[in-house]
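Here is the structure we will look at, set down as C-alpha cells.
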Amino acid sequence: MCFQMEYDIKSVEKKWQQRWEETGVFHASNKSEKPKFFCLVEFPYPSGNGLHVGHPRSYTALDVVARKKRLEGYNVLYPMGWDAFGLPTENFAIKNKIHPGIVTKNNIARFKAQLQSLGFSFDWSREINTTDPNYYKWTQWIFLKLFENGLAYKKEMAVNWCTSCKCVLANEEVVNGLCERCNSDVVRKVKSQWMLKITEYAERLINDLDELNFIDRVKAQQKNWIGRSTGAEVDFKSTLGDTLTVYTTRPDTLFGATYMVLSPEHPAIEKWAEHIENMDEVKAYQEAAARKSDFERTEVNKDKTGVQLAGVRAINPVNDKKIPIFISDYVLVSYGTGAIMAVPGHDTRDWEFAKKFSLPIVEVVAGGDVEQEPFTDCETGVMVNSGILTGLSVEDAKKKITAWLEEQGRGKPSVQYKLRDWVFSRQRYWGEPIPIVLCPECGYVPLPESELPLKLPTIDSFEPTDNGESPLAKLTEWVNTTCPHCGKPAKRETDTMPQWAGSSWYFLRYTDPHNDTALASKEALDYWTPVDWYNGGMEHTTLHLLYSRFWHKFLYDIGVVPSKEPYAKRTSHGMILGENGEKMSKSRGNVVNPDDIVNAFGADTMRLYEMFIGDFEKSAPWNTSSIKGCKRFTERFWTLNDIVVKGDAYRENLESAFHRTIKKVTEDIDNLKANTAIAALMSLLNDIYETGAINRAELRTFTILLNPFAPHITEELWERQGFGGVVTSQPWPVYSEEKCKESTVEIVVQINGKIRARLTVDAEIKAEDAITRAKADEAIAQAIEGKAIVKEFYVPGKLVNIVIKP
RNA sequence: GCGGAUAUGGCGGAAUUGGCAGACGCGCCAGAUUUAGGAUCUGGUGGGCGACCCCCGUGCAGGUUCAACUCCUGUUAUCCGCACCA
C-alpha cells in the first residue's frame, strides 16, 4: 500500500549509490584471503549519443554475477573504463571545432553519470581511459616490444582505403567492400604501413581455443576467420626453366591439372616480361584488376575473366605435360603462393574458367560427370587416370602423392591461413602516436622506453588530408627530431595506432591501474589474471577478442603475463532491438534512452527488466509496456514490509519452496539465466502472498536473493527492517538438496501415454505402490477393465504409464 | 558455396537426463475498489464449444519409443559470420 509515499525511488537509489562510493564496498583489494574473481565487460566507446538500453544488458548481467560472487565470499574485481580513441570523436571534433580531448572528457562524464545511475558495482577507483598518456604509455611500450621482437614491421602494400574516413582499414574493418564505420567505398591503395604479425600466432590462436570456456559460436567464428587449411605446395617448372610454386588442398588431383592460374599481381609476370608475347594485353588486365575495389572484385564473382600468358608454359611434375598459364583475378595474391594449379574436373571455379576458355577437363576422381559439372566430393570418389594413384581413395591419394612430391623434391605438405597480418597504421589524429623515428642512416628506430609516453601533440586542425598522410605530418616541429640511435636529424612516424590498440590489453591495466613503472605489477597480474569471465558482443569476435588474445600471447611469450590466454570464459549477449523488432538506431528513430527508463521506473526496475527480457544470448525487442511487470514486482516486494511477522526459520509450508528458489537462483545466475531466476523469485513472492505473511527469516533470504538484481530497494528494505549491516556484506543463502524435495507430489497417470488421471502421492512412494494407487483410481480402473496390460512404468515423482492392448 | 544459430499462445519467453507443453511476465476478459480515468486487488486466459467429456497442438514430412519441443532422417523459412581462400 501507499508505495509511493513510503518509497521515493529517486532519493533512495541516489542514497545507496552515494553510500557505496563513500564506503568503497566495491573496491577490490589486490591482497585478500578470499578467492579472487575477475569479472569483465567490454568498456564502452564514449560516443556523443550516450548509452542506449542495449549497453546495460551486458553490464547488468555481469553486475548480477559480480554481486552474487561477493555475497558468496569472493574478492571480486569488476572494473570499468573508456575506450576513447577513435574516429567518431575526431569527426565530431572537426565538425564542431572542439578538441577531441575535450569532446572525450564530456562524453565520459555523461557515460559515467548514466552508468552510476544504474547502480553497477564497478570499482571506480580503477577507472581507466585509453587516451590518458599514463595509459597509452603502455600501449606504446607494448608496440615497442612487438617491434623489438620482429612482430611489428613496415611494409609497402595495397591496403583498404576508406574514401570517406581518408584512412586505412584493417581487413576486419571492411564489410562487404564497405567501411564498417561509415559504409563508404573502400578502395585499394598502395601505402607504406605498420603491420603486426598476427599470422605468426595463427596456429596457437586456433589450437588454444580448445582449452577455453568460450561459447561455441565464438570459437567457431574465430576458427573460421583464421581459416586454417591443409594441403601441399607443388613446384611446377616453367618452359623458361624457373620454378613456380602453387598451393593446393587437393594434391590428389594433380594428374587433372590442365592449366595454371596466377594472380594478376604475381611477381613472375614482371620477371617473364620480355618472354611474354602479349604483354600489352596482360598489362591491361593487371591494371583493370588493380582499379577494381574489393567490392567490385567480389561482386562480379560469377563471370570469370583472364588472359593467357603467351610464350610460356608450365610443366606438370607428374606427367611432364606442358600446360598453359593464365592470369585471373579469381586467384588472390595474398593467399597461398598467389598461384594455383587448375583442376577443372574437380573444382567449381576452375571448371567455370575452363568452360569459358574451352580448356580440357580431365576426370581424375570417378563418381560424377565432369563434362556436366565439377565433381568435388572427397568422400566417395575413386582415383582414375592418375598413374600411381589410380584406384586409391582421395584420402590415400593425397598422402601418397604428397610423399612422392617430397621424395622428388618437387613439393611438400603445407598449411595455409586466411588470416592476414594486422594493418596497424591510421592516418588520423585521435590515436596513440607510434613511437618510432625514421632515420635516413639507421632506418626505423624505436624511441627509448624513457621517452614514453610519446604524447599526442596539441594541434589546431586535425582534419584528415587528401594525400593520405596523417594530420600530424603537418606539425613540422614535432615531426623533425633526432635519431635516438645516431643523433642525426630524423623524422617521427606520423601515423597513429588504430582504435583496437588500447583495448588489446586494457583488462591487464585494471589489475594495477596507477602503476607508473610497469603496465601492471607482476604480483597484481599473478593474482588477478586470467579474467575469469568476460562478456561482450559477437561483433568483436574477430576484432577485439582476437587481437587481444594475440597481444596477450605475445606478452606471455616475453614473460610479462603469467597466463597463455587472457580470458578463461567468454559469453556473449544478444542485441536489444527497438520496439518494432528492428536494430536500434538513430536513423530508424527507435532508440530508447536508459535515462528515460530510470526516470520513469527507477534503476532496480530497469535492471530487472533488462535481465527478464528473455534469453540472454538471443536478441530481444524492447517493450516498454512489459516493464510494468518488473515494476509491480519491486512494489510487491516492498509491500512485504506491511506483512512481516516474527520467525527465525522458514515456515513449514514454504520451506521447500525457499530451498528450491535458492537453488534455482544460485544456478541460474551462474548460467546466465537471470530471466528464469527472476521468474522463480516472482513465483516465490506469489506463494508468500498466498500465505498472507512473511516472517523475518524468510524476508532476509528473499532480500539477499533479490539483491544482485535490485540492489537499491533491497538495501533500503534491509535497513528499514533493522536486519543489521548491509545486504552487500551478507552471506549468500544456502540450500539443502534434501529440503528441496516436497513430501508429497502430484503425479499423472497415463494410459498408453495419454493423461487420464492425477494423483497426490508420497514423494518416496515405491514403484509398485504408485502403480497400485494408479489402478485404484476410478477413471483408470474403468479404462483398464478387461484389457491386457502390456507394460507399466513409474517415473519417480512424475508419472505412471500403463500400456494396454487396445 | 562454407560455418554458426533459430522456429513453441495475441507478445517476450519457460520446459536440467526423452516423462504433466505454455513456468514467469506483458496483453486481453470478467469482477472488486474509485465521482471518472489511472493505479491497485481477485479470478480467468493455447485452439476446437459457453460448461463436461473428448480431440487437436511446439515450422513442415517421416521415423525411433510405453512416452518426443527434446533423439534420428529428410525438408522449408528466417537471422548472423565468412566468402573466387585453391
Side-chain angles (χ1 to χ4, degrees), chain A residues 1-4 175-176 215-225 227-229 231 246-250 253 261 263 297-298 300-304 328-332 334-343 346-350 352-353 376 416-420 538-539 541-542 574-575 581 608-609 612-615 617-630 632-633 635-636 639 664 667-668 671 673 675-686 689 746-755 758 790-804:
Chain A
M1 309 234 338
C2 303
F3 181 88
Q4 258 128 12
V175 176
N176 291 330
I215 52 169
D216 288 341
R217 53 195 176 125
V218 169
K219 286 190 186 183
Q221 211 167 299
Q222 288 206 345
K223 272 187 193 164
N224 217 268
W225 182 261
R228 177 169 61 196
S229 80
V246 301
Y247 171 73
T248 178
T249 54
R250 294 292 305 275
T253 61
V261 188
S263 72
R297 229 166 135 151
T298 52
V300 292
N301 85 39
K302 295 266 149 51
D303 208 17
K304 295 276 180 290
S328 172
D329 63 4
Y330 87 86
V331 173
L332 308 175
S334 47
Y335 185 78
T337 61
I340 61 154
M341 62 178 213
V343 185
H346 306 283
D347 179 278
T348 314
R349 295 148 308 186
D350 298 345
E352 285 169 13
F353 192 89
T376 55
Q416 295 291 332
Y417 302 91
K418 285 196 243 178
L419 187 70
R420 307 292 151 78
M538 277 311 285
E539 71 275 18
T541 301
T542 55
M575 246 189 303
L608 279 164
Y609 180 63
F612 189 63
I613 193 166
D615 184 335
E617 296 202 349
K618 288 189 210 146
S619 54
W622 185 264
N623 184 338
T624 298
S625 81
S626 283
I627 299 173
K628 275 186 210 158
C630 293
R632 284 179 191 144
F633 176 55
E635 289 171 356
R636 274 159 65 78
T639 311
K664 179 86 180 140
E667 292 176 354
D668 282 356
N671 295 320
K673 300 230 176 258
N675 54 335
T676 48
I678 293 167
L681 286 167
M682 287 173 167
S683 223
L684 179 60
L685 190 63
N686 291 342
Y689 271 104
E746 192 189 62
I747 61 168
V748 298
V749 184
Q750 301 178 331
I751 303 286
N752 290 350
K754 302 245 182 216
I755 297 161
R758 289 169 191 277
V790 182
K791 237 173 181 178
E792 297 163 336
F793 296 85
Y794 173 61
V795 182
K798 307 262 185 193
L799 57 73
V800 168
N801 189 12
I802 300 171
V803 185
I804 58 170

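Order of the sequence lines sets the chain letters (A, B, ...), proteins ahead of strands, with each chain counted from 1.
Both A:Tyr417 and A:Leu799 lie close to RNA chain B; mapped to their nearest nucleotides by heavy-atom distance, the more 5′-ward contact belongs to A:Leu799. Mapping A:Asp216 and A:Met538 onto RNA chain B by nearest heavy atom places A:Asp216 at the nucleotide closer to the 5' end.
We find that CE of A:Met575 is positioned 14 Å from C1' of B:rU6, with the value rounded to whole Å. Between the C1' atom of B:rU65 and the NZ atom of A:Lys791 lies a distance of 10 Å, rounded to the nearest Å. When rounded to the nearest whole Å, the span between CZ of A:Phe633 and P of B:rC26 equals 12 Å. Distance A:Gln750 CD to B:rG18 P: 17 Å, rounded to the nearest Å. The interatomic distance linking A:Leu608 (CG) with B:rC24 (P) rounds to 17 Å, in whole Å. Rounded to whole Å, the distance from CG on A:Asn224 to P on B:rG3 is 9 Å. A straight line from NZ of A:Lys754 to P of B:rG19 spans 18 Å, rounded to a whole angstrom. The interatomic distance linking A:Phe793 (CZ) with B:rC20 (C1') rounds to 17 Å, in whole Å.
With hydrogens and angles disregarded, a donor-acceptor distance shorter than 3.5 Å links the side chain of A:Arg420 to the backbone of A:Lys418. Checking side-chain atoms of A:Asp615 against main-chain N and O of A:Glu617 turns up a donor-acceptor pair under 3.5 Å. Side-chain atoms of A:Asp347 do not come within 3.5 Å of backbone N or O of A:Val343 as any donor-acceptor pair. Panel note: side chain A:Asn801, backbone A:Gly753; a donor-acceptor pair is recorded below 3.5 Å. The backbone N or O of A:Trp622 lies less than 3.5 Å from no partner atom in the side chain of A:Tyr609, so there is not a single donor-acceptor pair. Side-chain atoms of A:Gln222 come within 3.5 Å of backbone atoms of A:Thr541 as a donor-acceptor pair (strictly under, hydrogens ignored).
B:rG22 and B:rA32 have their P atoms separated by 31 Å, with the value rounded to a whole Å. Using atom C1' as the reference point in both B:rC84 and B:rA15, the two lie 46 Å apart (nearest Å). For the C1' atoms, the distance linking B:rG13 with B:rG25 amounts to 9 Å, nearest Å. Distance noted for atom C1' between B:rC72 and B:rC2: 25 Å (whole Å). Using atom P as the reference point in both B:rA67 and B:rU76, the two lie 29 Å apart (nearest Å). Nucleotides B:rG46 and B:rA83 are separated by 43 Å at their C1' atoms, to the nearest Å. Rounded to whole Å, the P atom of B:rC80 lies 46 Å from the corresponding atom of B:rG31. Spacing between B:rA68 and B:rG63 at atom C1', rounded to whole Å, works out to 11 Å.
The side-chain heavy atoms of A:Leu799 and A:Gln750, taken from C-beta on, include a pair separated by under 4.5 Å. Contact check for A:Thr253 versus A:Met341: side-chain heavy atoms found under the 4.5 Å cut-off. Under the 4.5 Å side-chain criterion, counting only non-hydrogen atoms from C-beta, A:Ser328 is in contact with A:Val261. A:Gln416 has its side chain out of reach of A:Arg228: every pair of non-hydrogen atoms, C-beta onward, lies at least 4.5 Å apart.
With hydrogens and angles ignored, a donor-acceptor pair under 3.5 angstrom links the side chain of A:Arg758 to the base of B:rC20.
Classified by its glycosidic torsion, B:rG9 falls in the syn category, the angle being within 90° of 0.
Contacts of A:Lys219 with the nucleic acid, taken as non-hydrogen atoms under 4.0 Å apart, are absent. Residue-level contact check: A:Arg420 touches the bases, meaning some heavy atom is under 4.0 Å from a base atom. If you check every strand for non-hydrogen atoms under 4.0 Å, A:Gln416 touches nothing. Among the protein residues, A:Glu617 comes within range of no part of the nucleic acid, since none of its heavy atoms lies under 4.0 Å from any strand. Using a 4.0 Å heavy-atom distance criterion, A:Val748 is classed as a base contact. Nucleic acid contact class of A:Lys418 (heavy atoms, under 4.0 Å, all strands): base. Nucleic acid contact class of A:Thr542 (heavy atoms, under 4.0 Å, all strands): none.
Picking from B:rC24, B:rC26, B:rC20 the nucleotide with the shortest atom distance to the side chain of A:Glu746 gives B:rC20. Here the nucleotide nearest the side chain of A:Met682, chosen from B:rA86, B:rG25, B:rC84, is B:rG25. In the set B:rG4, B:rC66, B:rC20, B:rG4 carries the atom at the smallest distance from any side-chain atom of A:Ala220.
At B:rG25, one or more side-chain N or O atoms of A:Asn686 fall inside 4.0 Å of OP1 or OP2 (strictly under the cut-off). Between A:Tyr330 and B:rA86, a side-chain N or O to OP1/OP2 separation shorter than 4.0 Å is absent. Proximity of A:Thr348 to the phosphate of B:rC84: no side-chain N or O atom is located under 4.0 Å from OP1 or OP2.
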Between the protein and nucleotides 9-16 of chain B, list every N/O to N/O distance that falls short of 3.5 Å.
residue: B:rG12; atom: O2'; partner: A:Ile613; partner atom: O; Å: 2.4
residue: B:rA14; atom: OP1; partner: A:Asn675; partner atom: ND2; Å: 3.2

Quick one: which protein N/O atoms are closer than 3.5 Å to N/O atoms of nucleotides 39-46 of chain B? Pair and distance per line, please.
residue: B:rU40; atom: OP1; partner: A:Arg632; partner atom: NE; Å: 3.2

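Stacking here means ring centres nearer than 5.5 Å and ring planes tilted less than 30 degrees, and by that measure A:Trp225 does not stack onto B:rC82.
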Q) If you write RNA chain B from 5' to 3' in dot-bracket form, with Watson-Crick or G-U pairs under 3.5 Å, [ ] for crossing pairs and | for pairs with another strand, what do you get? A) (((((((..(((......[....)))((((((.......))))))(((.....)))..(((((..]....))))))))))))....

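Atom CG of A:Leu684 is separated from atom NZ of A:Lys664 by 13.5 Å, given to the nearest 0.5 angstrom. Rounded to the nearest 0.5 Å, atoms CG (A:Asn675) and CG (A:Leu608) are 12.0 Å apart. The distance from the CG atom of A:Asn686 to the CG atom of A:Leu681 is 11.0 Å, given to the nearest 0.5 Å.
For A:Lys304 and A:Phe353, the positive end is not near the middle of the six-membered ring at less than 6.0 Å and at most 45° from its axis.
No hydrogens or angles considered: a donor-acceptor pair under 3.5 Å links the side chains of A:Tyr335 and A:Ser229.
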